[in-house]
Amino acid sequence: MAIKSSLRNMVLVLTLVCLGASAAVAVIYSVTKDPIAAAATAKTNKAIEEVVPAFDNNPSEEVLNIAADLQKPDETNKVYVAKKGGEIVGYAIESTTKKGFGGAFSIMVGFTPDGKVYNTSVLSHSETPGLGAKITDKASHFITQWKDKNLTDGSVNISVKKDGGDIDAITASTISSRAFCDAMEIAANVFSNITSENK
Amino acid sequence: MEYLIIIISAVFVNNVVLSQFLGICPFLGVSKKVSTAFGMSLALVLVMGLATLVTYLIQNYVLINTWFGEKMDITFMQTIVFILVIAALVQMVEIILKKINPSLYQALGIFLPLITTNCAVLGASILVVTKEFAAKGVESHMMNLGESVVYSMSLAIGFGIAIILFAGMREQLELSNVPKALKGTPIALITAGLLALAFMGFQGIV
Amino acid sequence: MSKFKYLIDGIVKNNPTFVLVLGMCPTLATTTSAVNGMGMGLATMAVLLCSNMVISLLAPVIPNKVRIPCYIVVIAAFVTVVQLVMQAFTPGLYETLGIFIPLIVVNCIVLGRAEAFANKHSVGESALDGLGIGIGFTLALTCIGLIREILGNLSVFENKFSSSDGMLVFVLAPGAFLVLGYLMVLFNKLKDRKKKA
């Protein structure tokens, strides 16, 4: 049934198969390129919607790049500005920490203009399923306790109670909770830098 | 120091079989005897080190590079390119080994063809170029060439430790009276589960 | 009608997980919940169906000595296609399954069916075989995922039925081995009883 395994045939067939496969993949790549980018934007937009009060502008188009640490101006965080009727109603700040249990994790933190946390949303994480991954549970006390806390006026010590702070950690997930606090602190620093720079 | 953390993390904490579920087929398939398990692991250390070396270079100098004056990122071809490279590499290792060291070839030769479809090889090659390395005390970062190769080889050593321990237990199991419905794969899986439970104890050390 | 035997065979007699014991890596790794298991099963099914059909078409023109590399290229191409499509339309699932989507390439089921079935049968038969094995695999993965989810997280298809914590170990690595092991015991027992009756 199969054709003869001469060198010419083998090289020819293998080359053709590879070419065909690459061409097919390239076509699919160009077709799915836009939907993939759209899916990424949609994810960001959804996270923004979750963490700031209702807005009517497109925050993805009004992005500020602000450093958390003014000594390191190159390491900036993305800040999405949400406006309603031209008035700023909130800032959604993307914050990434490298101190997670399974590596880096990113959250989106929403602040109202007075510096209070409106809401938070986890963008990506690699914490242990069932333990550290509880940081994604939006109804948990760990997530809801942040609401309305003012992180920028020094009234809250942003670390877990075990470390002498004001935040209740998730049971059995101290490292993930610490990492979350770290990300919140970065976001709070970014927020303070916006208000002093771009207001 | 950093290399030590990478090695401990890859061998124990993120054990390739028991916590990342890569290479389960050979883990269950060639673990009936300690001696074959040892041969398989040795061949795997060799192949995974080489494969990561080559795929790392391909990822960073071929798939992401400036071609014809234009910056190109064709990482979507990653899967196809990597598997072909690994398959070719395994063939080459087999041929070279046969020529220069027939006795080693005698020992490892029969395991080499099996390694192409060992998902630990492709898995590790993809992991090291796409995921950041994270451990306690080290800022998570993308690994450089040296770290990648060390990480991959450590993963293979972790595979070796797991499969040799497992083979030892299976040799004992052969002699014991196992209920009929549990004979073969089921009891092997349950044993592996208990071994995985033991390896969970390593979590958090680095 | 007899052609549907190929479909049913794939689901029961040649069930890839419980009978052939192939493709163990994704079976254990991605079944942390029923939805994840099902997603992995469906992705594998899509690759299996396409690669089976294309390979049965190409088989007559592929020289025997290079058939395995050719099959691998065809399979890798379909895997990449599935990967891109999932990234575009089910980004959440794509992220959870992660590395195990590209690893469908080295799933022994796919290459195994190409070598054992597709290159000897017609396109239609190969498609039915791919579909059957794919369904068998998806069912097995969903079932394992469901059990792990119920025991480990007290939820069914991601709907929690109790707010307390489950037996976490079943969602973590050891649970995967244990659940699959005991399911196989059950499968063997049922098969045994059927034989006796």
Side-chain angles (χ1 to χ4, degrees), chain B residues 14-29 75-84 86-88 91 113-127 130-131 179-200 203, chain C residues 17-19 21-31 68-69 72-84 87 98-112 168-170 172-193:
Chain B
N14 295 311
N15 187 279
V16 69
V17 186
L18 299 170
S19 89
Q20 303 203 41
F21 296 116
L22 296 171
I24 304 281
C25 292
F27 180 71
L28 294 173
T75 39
F76 67 92
M77 292 294 286
Q78 197 182 52
T79 316
I80 299 185
V81 175
F82 279 19
I83 187 68
L84 279 178
I86 290 168
Q91 284 281 313
L114 289 173
I115 285 180
T116 312
T117 51
N118 183 339
C119 57
V121 184
L122 182 63
S125 323
I126 297 178
L127 273 180
T130 51
K131 270 249 164 76
K180 199 169 156 245
L182 276 111
K183 274 217 166 78
T185 323
I187 190 75
L189 280 168
I190 292 165
T191 314
L194 296 175
L195 200 57
L197 206 55
F199 265 72
M200 266 181 72
Q203 223 156 69
Chain C
T17 306
F18 295 121
V19 182
V21 199
L22 288 175
M24 283 295 112
C25 301
T27 308
L28 293 167
T30 61
T31 51
I68 301 287
I72 291 181
V73 174
V74 171
I75 294 167
F78 282 118
V79 168
T80 311
V81 169
V82 166
Q83 205 176 341
L84 289 168
Q87 206 176 348
I99 179 114
F100 287 94
I101 300 172
L103 287 185
I104 297 174
V105 182
V106 281
N107 188 327
C108 343
I109 299 173
V110 185
L111 192 61
L168 193 56
V169 70
F170 285 102
L172 301 175
F177 287 105
L178 294 177
V179 169
L180 183 60
Y182 283 112
L183 273 179
M184 270 185 187
V185 174
L186 202 71
F187 200 85
N188 284 349
K189 260 268 176 294
L190 288 177
K191 232 173 38 185
D192 226 34
R193 190 165 295 166

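By convention in this document, chain letters (A, B, ...) are assigned in the order of the sequence lines, proteins followed by strands, and residues within each chain are numbered from 1. The basis for the numbers below is simple: all heavy atoms, side chains too, and nothing from hydrogens, waters or symmetry mates.
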- Message: Please classify the contact between B:L22 and chain C as side chain, backbone, both or neither, with a heavy-atom cut-off of under 4.5 Å.
- Response: both
- Kindly state whether the ring of B:F21 and the ring of C:F177 have centres lying under 6.0 angstrom apart. yes
- Task: Quick one: which of B:A120, B:G184, B:A87, B:C25 has the most heavy-atom pairs under 4.5 Å with chain C, could you say?
- Result: B:C25
- Item | Segment of B:I187 engaging chain C (4.5 angstrom heavy-atom cut-off) | neither
- Message: Report which part of B:I83 has an atom under 4.5 Å of a heavy atom belonging to chain C: side chain, backbone, both, or neither.
- Response: side chain
- Message: Would you say that C:T17 contacts C:L180 through its side chain, given a criterion of any heavy-atom pair below 4.5 Å between the two side chains?
- Response: yes
- Residue pair B:N118 / B:G23: nearest heavy atoms and the distance that separates them: OD1-CA, 3.3 Å
- Name the option with the most non-hydrogen atom pairs under 4.5 Å to chain C; the candidates are B:L182, B:L197, B:I190, B:T191. B:I190
- Message: I'd like to check B:T130 versus B:Q78 (side-chain heavy atoms, cut-off strictly below 4.5 Å). Are they in contact?
- Response: yes
- Message: I need the residue from C:V185, C:L22, C:N188 with the largest number of non-hydrogen atom pairs under 4.5 Å to chain B.
- Response: C:V185
- Message: Less than 4.5 Å to any heavy atom of chain C: does that hold for the side chain of B:Q20, its backbone, both, or neither?
- Response: backbone
- Among B:I80, B:T185, B:L28, which has the most heavy-atom pairs under 4.5 Å with chain C? B:I80
- Structural part of C:F187 lying under 4.5 Å from a heavy atom of chain B: neither
- Item | Minimal non-hydrogen separation, B:I86 against B:S125, with atom names | CD1-OG, 3.8 Å
- Item | Contacting moiety of C:Q87, where chain B heavy atoms sit under 4.5 Å | neither
- Note on the structure: Per side-chain contact (heavy atoms from CB on, under 4.5 Å), C:V105 is matched among C:T80, C:L111, C:V79 by C:V79
- Item | Residue C:V179 versus chain B: region with a heavy atom under 4.5 Å | neither
- Taking C:G181, C:A76, C:C25 one by one, which has the highest count of heavy-atom pairs under 4.5 Å against chain B? C:C25
- Task: Would you please name every residue forming a side chain to side chain contact (heavy atoms under 4.5 Å, CB included) with C:I99, sequence neighbours left out?
- Result: B:I126, B:L127, C:L103
- Message: If you define the side chain from C-beta out and look only at heavy atoms, does anything of C:V81 sit under 4.5 Å from B:F76?
- Response: no
